[in-house]
Structure formats: structure tokens, C-alpha cells
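Written below as C-alpha cells is the structure these notes are about.
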Amino acid sequence: MRVLTGIQPSGDLHIGNYFGSIKQMVDAQKNSDTFAFIANYHAMTSGGKDLSKLTMQCATDFLALGIEPDKSTFWVQSDVKEVLELYWILSSFTPMGLLERAHSYKDKTAKGIAANHSLFSYPVLMAADILLFNSDVVPVGKDQIQHVEIARDIAIKFNNQYGDILTLPNFRVQEEVQTVPGIDGQKMSKSYGNIVNIFGDEKKQMKTIKKIVTQNVAVEEPKEYETCNVYNMAKLFLEGDNLRALQERYKRGGEGHGHFKIYLGEVMWEYFREFREKREYFEKHQEEVRNILNIGAKKAKETALPMIEKIRSVTGIKY
Ligand code: ADP
Ligand code: TRP
């Protein structure tokens, strides 16, 4: 079974990215054929500032967080240009209505982001990413489900005309972390300015955690944990007895949300310790990172080339 996912190199990674997508990918390496790439063409839709620097930063982060080049095919999207050819071919199998219904486009334009063609046609490029590599499963956060469904719809239309060429993909969402909340309780997202970074200075991280919005309940009172933004973040890092112990502390009363925030900060810092150390290594060895990406691009091409040849042939692009 092939599992594929992409991530945009658009800034510091946050814990929503980690639990919603990266961790699933890292876990999948154990028992699937995993393909992970840095979606640098996609990042252009939101301005593309500092793109080359952010691409290297994202690669460094991914390697630190557990993508293993021996187990996964790991590359930068633009190193396999066949994806752009497939993007164009698939455009002819994409009804306008399908793209007009895309939430991400509607949300962004509703927020006043000027609409351009790449923002509108972005799901077609994502479909090309998925279909070029015969992906069976695409692990994503909830917000990306619709894009995987669009890829599937496009593949069905293509196959209706040319036969069973494209593999129909399925999305995979980790139920308990469908949407990681941000410090304001909304979905955590770079664009909402409510993120908690994975890598960052300890003091700054604590400062961010202290800003998490909580209910106003007297210290001595028992507190509800299910609806608490601090608890909902902490539970991502805890299991079993540790999680139950935290629930007890809420129910018991006698501690304020400030105490739970300090606890969350400590737990998080510990959770990412090993990843931070790995990150420091790759930060110092950027040539090694480039080398890994080059090897990854070669491997990705080995899968993409027979597929695009087949598509050129059935569509008649090859003459
Ligand atoms: P952002 O919303 O911060 O711009 P991206 O759109 O770059 O994040 O998302 C990268 C990946 O991380 C996607 O698979 C997305 O679904 C997942 N993801 C992002 N934010 C969250 C979140 N708050 N909860 C769960 N998954 C998320
Ligand atoms: N659109 C995804 C995001 O913003 C990134 C992405 C691009 C992707 N191509 C993909 C994810 C293919 C999964 C599969 O998060």
C-alpha cells in the first residue's frame, strides 16, 4: 500500500502539522511504502516569500521529526517536473464547479486574499501530486479531505475516458487529532496567528502557551477538562496514567489554568527533545540534507516516469 503526503514549506511547523500530518507519515513508514514531499509549487499560491530558504528549513524539520530517507521516498516537488505536465492534463478533467466548491479557496477569498489562478487551480496540482505516484492513502488533516476527494473525482473522470490508469486515492484522518486547536481554541493554523511551534526557543514557547485562552474559574474550584484548550493540547502528548492524572487535577480543583499551562509547556518540551537534537545535527549538515533530497528526487522519478509515459500514451500526447 502506498501512502503519500505533501507539506507546504510556508514557515515554522506547528503541533497541528505534526499530529495532523507528519506523525501519521512517520508512523506509516513502519509498514507502508511511504512517499513524502515538500510542496514548494503549492507554497507559491500564498506568496512564496523566502521559498528556497523555507524549503531547506522544511526538509531539515522533516528529517528531524522522523522521516527516514531509507524507508521513505522524500523529495522536493519541483524536482519531479512531470507533476506539472500531469497537472495540465488533469485540468481538462476538472469541471469548474468542482473547484468552485473547494472550501480552502472559498475561505481564503472570503478572508480577502486576492484570488489568483494558482489559488483556484491548486487542487488540480494536488491531484497530480497524488495520482502521479499511484497513491492509495493520503494522510491529511481535516481541512485537506476535500482536496483528496477532488483528486479522486478527477481520477474517475480520467479513467472513464481512458480505462483503469489512475489509482483512486483515499484520505486518512487520525480521528482523535482531526483538528488540533490553536491557542485561541480555533483550528491551529499559521494563517490565524494562533500556533504553537514545534521548534523554538523554550522561553518563547512558554510565553505562547501562557496565551492559551481559558475559562475564568477560581483556583480552588474544580475545572472542566473536556472543553479546556490547554487540556486539549496536552492530551496529544499524554496517554494512560499520565492523562488520567491530569484529568484528576482538573476535577480536584485547587490549581489554576496557569499550573496546567506550565505542565503542558514541560511535557511538550520533553516530547520534542530528541527531535530538537536531531534538528541541530541536520542544521549543521545542510549538504547532507541536499544529498538526501537529490536521492529522493531520483527515487520519486523512477515511479513517476512509467506513469507519465503511460498517460502520454493513452491520451495521445505521445505521437
Ligand atoms: P496551516 O493551516 O498552518 O497553513 P497547512 O495548511 O500547511 O497548515 O497544513 C499542513 C498539514 O498539516 C495538512 O495536512 C493539514 O491538514 C495539517 N494541519 C494543519 N493544521 C492542522 C490542525 N490544526 N490540526 C490538524 N491538522 C492540521
Ligand atoms: N495542500 C496540502 C496542504 O496545504 C499540501 C499538499 C500538496 C499535499 N500536495 C499534496 C498533501 C498531496 C497531500 C497530498 O497541506
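The first residue in the sequence is number 1, and the count goes up from there.
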Report yes or no: does [X] contribute a side-chain atom to a donor-acceptor pair with the main-chain N or O of [Y] at less than 3.5 Å?
X	Y	value
Lys23	Gly20	no
Asn159	Leu166	yes
His285	Phe282	no
Ser313	Glu309	no
Ser121	His117	yes
Lys261	Ile212	yes
Gln29	Lys71	no
Gln161	Lys157	no
Lys299	Pro69	yes
Lys223	Glu255	yes

Would a hydrophobic clustering, with Ile, Leu, Val, Met, Phe, Trp and Tyr connected at side-chain separations under 4.5 Å, put [X] with [Y]?
X	Y	answer
Ile113	Met126	yes
Phe199	Leu54	no
Val213	Ile183	no
Trp269	Ile262	no
Tyr263	Val219	no

query = Going through the checks in order, is the side chain to side chain contact (heavy atoms under 4.5 Å, CB included) test met by Ile7 and Cys58?
reply = CA-CA 8 Å; Ile7 192 148; Cys58 187; 3.7 Å; yes
ask   = How are the rings of Phe272 and Phe237 set to each other: parallel, tilted or perpendicular (split at 30° and 60°)?
value = perpendicular
ask   = Which class fits the ring pair Tyr105 and Phe120: parallel under 30°, tilted 30 to 60°, perpendicular over 60°?
value = perpendicular
Closest non-hydrogen atom pair between [X] and [Y], with its separation:
X	Y	answer
Ile22	Leu65	CD1-CD1, 3.9 Å
Ile198	Gln205	O-NE2, 3.6 Å
Ile165	Met307	O-CE, 3.4 Å
Asp241	Arg244	OD1-NH2, 2.8 Å
His257	Val217	CE1-CG2, 4.5 Å
Asn194	Gln186	ND2-O, 3.7 Å

What I want to find out is whether [X] reaches [Y] closely enough, with some N-O distance under 4.0 Å, to be called a salt bridge.
X	Y	value
Arg252	Glu248	no
Glu82	Lys301	yes
Glu224	Lys251	no
Asp107	Lys111	no

key: Glu274 atom CD: more than 12 heavy-atom contacts under 6.0 Å   = no
key: Partner of Phe93 by ring pair (Phe, Tyr, Trp, His ring centres under 6.0 Å), out of Phe158, Trp88, Tyr87   = Phe158
message = Quick check on the 6.0 Å ring-centre criterion: do His14 and Tyr18 meet it?
response = no
message = If you take the centroid of each ring, where Trp contributes its six-membered ring, are Tyr250 and Phe260 closer together than 6.0 Å?
response = yes
inquiry  = Does Arg152 qualify as a cation-pi partner of Phe171, given the criterion of NZ or CZ under 6.0 Å from the six-membered ring centre and within 45 degrees of its axis?
reply    = no
key: Arg2 NZ/CZ over Phe35 ring centroid, <6.0 Å and within 45° of normal   = yes
message = Please tell me whether Ser32 and Thr34 have a donor and an acceptor in their side chains that are separated by less than 3.5 angstrom.
response = no
request  = Classify the side-chain pair Asp12/Gln57 by whether it contains a donor and acceptor separated by less than 3.5 Å.
outcome  = yes
request  = Please assess Phe37 against Phe74 for the test ring-ring contact (aromatic ring centres under 6.0 Å, His included), listing each intermediate value before the final yes or no.
outcome  = CA-CA 5 Å; Phe37 69 95; Phe74 178 52; 9.6 Å; no
ask   = Are Val138 and Val3 close enough that some pair of their side-chain heavy atoms sits under 4.5 Å apart?
value = no
